[in-house]
Protein chains: 2
Amino acid sequence: MTERKPVLNRPEHEAKSPSRTTPEDGRVRRSKDLVMAATLELLTENGLGGVSVDEVARRSGVAKTTIYRHWPVRSALILDACTRLSSQHAAPDTGSFAGDLAALMGGMAQLLRTARWASVTPSIIDAAERDPDLATVHSRIQLEHSAPFQVIISRAVGSGDLPPQTDVQAMIADLLGPLYYRRWFSREPLDDAFVGGITERVLGRT
Amino acid sequence: MTERKPVLNRPEHEAKSPSRTTPEDGRVRRSKDLVMAATLELLTENGLGGVSVDEVARRSGVAKTTIYRHWPVRSALILDACTRLSSQHAAPDTGSFAGDLAALMGGMAQLLRTARWASVTPSIIDAAERDPDLATVHSRIQLEHSAPFQVIISRAVGSGDLPPQTDVQAMIADLLGPLYYRRWFSREPLDDAFVGGITERVLGRT
DNA sequence: TCATTGTGCTACGATACCGTAGCGTACTTG
DNA sequence: CAAGTACGCTACGGTATCGTAGCACAATGA
């Protein structure tokens, strides 16, 4: 008689998906939001390893059982949270390659200094070394961050601002590499002078 | 009556230090070596979080109690292992800055491709974000890896191969940044062409 | 209003850890 | 050979996890 469980035998693909019958049950939305907020908080504070379901429950005020109702296992929760860390950047279009580059590098440096993502990244990279799912997340984030560079460099090649034989990936490494190096390895300040110097040197060799 | 414990009341600084009375008790040496080997193994396989004393005991064949006899707490063991990860590099002296740079960059790329250190680094960086002791270890390793660059660049400035106003730290970022970027972020291959390209571009602007 | 659905709560069982105690045995060294 | 020392082993106590079960209560929506 206790058979009001998921009842997995549904021929239809998305038949009773609540997103159709009930666009949003306010209670579900609320729980999910609270849980995700607490998870992201823990994630940035303590890295991947610092996120336990019990602690998320404590911080969010949402019961642990409720959390498990929305994410079947811990890893699903973490993966979900990591996925929401990154944000797409639009490629700037200032009219000149130098302008685009300056804008993009400045934005990236700003992100590295302040964004939640920056403090979680080492943890993700570490986990990605062994967890295929997180490796996927990492490469998606990585792609999102390099894509705008790809765009403006390709455009510059097209317009003749850069020579046709330009190695796009190598140039991206020359731009992002030093930024990342300062943020996570040498831990020296990421000031405007440094950022400007990078772009200057890369531009200087055209 | 159970008082054959450490007996901490010793006025002398190093009085009964076994390194004096007993240069090496073979048993101690053996235990420590086995434990350290297993720890390094686990470290490279699973990162910092993957090292548990129980697992080290299993793998090394050394009893857990013995491990605790040599390292008072888990963190001491891990810290010790991390400390042994890095190795100093001698700065090459080929006679030319270009030669030195090529040698150094080639060696570094080789390290990044193969060394145990490379697979643990993300883990250390992550932990360093919150653990001061590991932050110290990380900055020591970081320093060891950048020091030879510092040497050859300074030498080149002294000899006139590089202009006197050269920003040494920025140049190191331009060299190591792209290498690290490829290894841990974009995960593209670290082939000779790429490495050569970096040095070429840095040298090209003198 | 009434059935449905989501939540909170308490209580579990199962692991995996950390770090310690006590005891018997083997090795090392004087 | 004898004393000191290191070691292995078993067994703990304590904590933090993960993930689940069962039940009562509240919100929702037909």
For A:Asp174, is there an ion pair with A:Arg201 - N to carboxylate O distance below 4.0 angstrom? no
In terms of heavy-atom contacts, A:His89 and A:Pro148 come closest through O-CG, 3.7 Å
Expected list for residues 47-58 of chain B near DNA chain D, using heavy atoms below 4.0 Å, is none
Can you tell which of D:dC7, C:dG19, D:dT28 lies closest to the side chain of A:Arg27? D:dT28
I need the residues from residues 66-73 of chain A with at least one non-hydrogen atom less than 4.0 Å from DNA chain D; give them sorted by number, or say none. A:Tyr68, A:Val73
Quick one: B:Leu34 CG to D:dC7 C1', roughly how many Å, whole number? 12 Å
Gap between atoms NZ and P, on B:Lys64 and C:dG22 respectively (whole Å): 16 Å
When the distance from CG of B:Asp33 to P of D:dA6 is rounded to whole Å, what number comes out? 16 Å
Main chain of A:Cys82, side chain of A:Trp117: is a donor-acceptor contact present, judged purely on distance under 3.5 Å? no
Could you tell me whether the phosphate oxygens of D:dG8, OP1 or OP2, come under 4.0 Å of any side-chain nitrogen or oxygen in B:Thr65? no
Measure from CZ on A:Arg74 to C1' on C:dA16 and round the result to the nearest Å. 13 Å
With DNA chain D as reference, determine whether B:Arg30 or A:Ser75 sits nearer its 5' end, using the nearest nucleotide of each. B:Arg30
Tell me the closest heavy-atom pair linking A:Ile152 and A:Ala91, and the distance in Å. CG2-CB, 4.1 Å
Hey, are the side chains of B:Ile78 and B:Trp71 touching, using non-hydrogen atoms and a 4.5 Å cut-off? no
With sequence neighbours left out, write down each residue that passes side-chain hydrogen bond (donor to acceptor under 3.5 Å, both in side chains) with A:Thr66, or none if nothing qualifies. A:Arg69
In the structure I gave you, are the side-chain heavy atoms of A:Ser119 and B:Glu129 within less than 4.5 Å of one another anywhere? yes
Under 6.0 Å from the ring centre and within 45 degrees of the ring axis: does the NZ or CZ of B:Arg182 meet both conditions for the six-membered ring of B:Phe194? yes
